[in-house]
Amino acid sequence: MTGDGATKQNYHDECFPQTFAVLQNHVDYLVHELDEAYIRMEDQSFISSVDEEDDDNSNSYPRLPLISRHNNTVRGILELVKRYLDGMTTSY
């Protein structure tokens, strides 16, 4: 396929809608999973302020504040990707 731009564009035109739909579903799935993980952590009273030290809580996992911050960062990135993909919807 080297140098055959028309064939490459034809493949792109044919496959892009399916690839785009799968990518959108994947991003939506990941955002949903992060939301569910946050709810599970919150329901089990594991989410605590980073500034709080709760030595009396034996249920508290010491890395959960770090995990929660990481998940929030990833969720923010996925929201940006989702907005970008939603913008692409109008052009295809």
Measuring from Asp4:CG to Tyr11:OH, what's the distance to the nearest 0.5 Å? 8.5 Å

Hey, what do you get for CZ (Arg69) to CG (Asn72), rounding to the nearest 0.5 Å? 9.5 Å

Give, for atom CD of Glu36 and atom CE of Met41, the distance between the pair rounded to the nearest 0.5 Å. 11.5 Å

Working to the nearest 0.5 Å, report the span between CG of Leu23 and CD of Gln18. 13.5 Å

Would Leu30 and Val74 show up in the same hydrophobic cluster when neighbours are defined by side-chain heavy atoms closer than 4.5 Å? yes

Rounded to the nearest 0.5 Å, what separates atom CG in Asp28 from atom CD in Glu33? 12.0 Å

Is Glu79 salt-bridged to Arg75, going by a charged N under 4.0 Å from an acidic O? yes

Intermediate values then yes/no, side-chain hydrogen bond (donor to acceptor under 3.5 Å, both in side chains), Gln9 and Asp13: CA-CA 6 Å; Gln9 186 61 43; Asp13 291 342; 2.8 Å; yes

Specify the closest pair of heavy atoms between Leu78 and Val27, including all atoms of both residues, with the distance to one decimal. O-CG1, 3.7 Å

For Ser68 and Leu64, indicate whether the former's side chain and the latter's backbone hold a donor-acceptor pair under 3.5 Å. no

What pairs with Phe20 under ring pair (Phe, Tyr, Trp, His ring centres under 6.0 Å), at least two apart in sequence or on another chain? Phe16

Straight-line distance of Leu34 CG to His70 NE2, nearest 0.5 Å: 9.0 Å

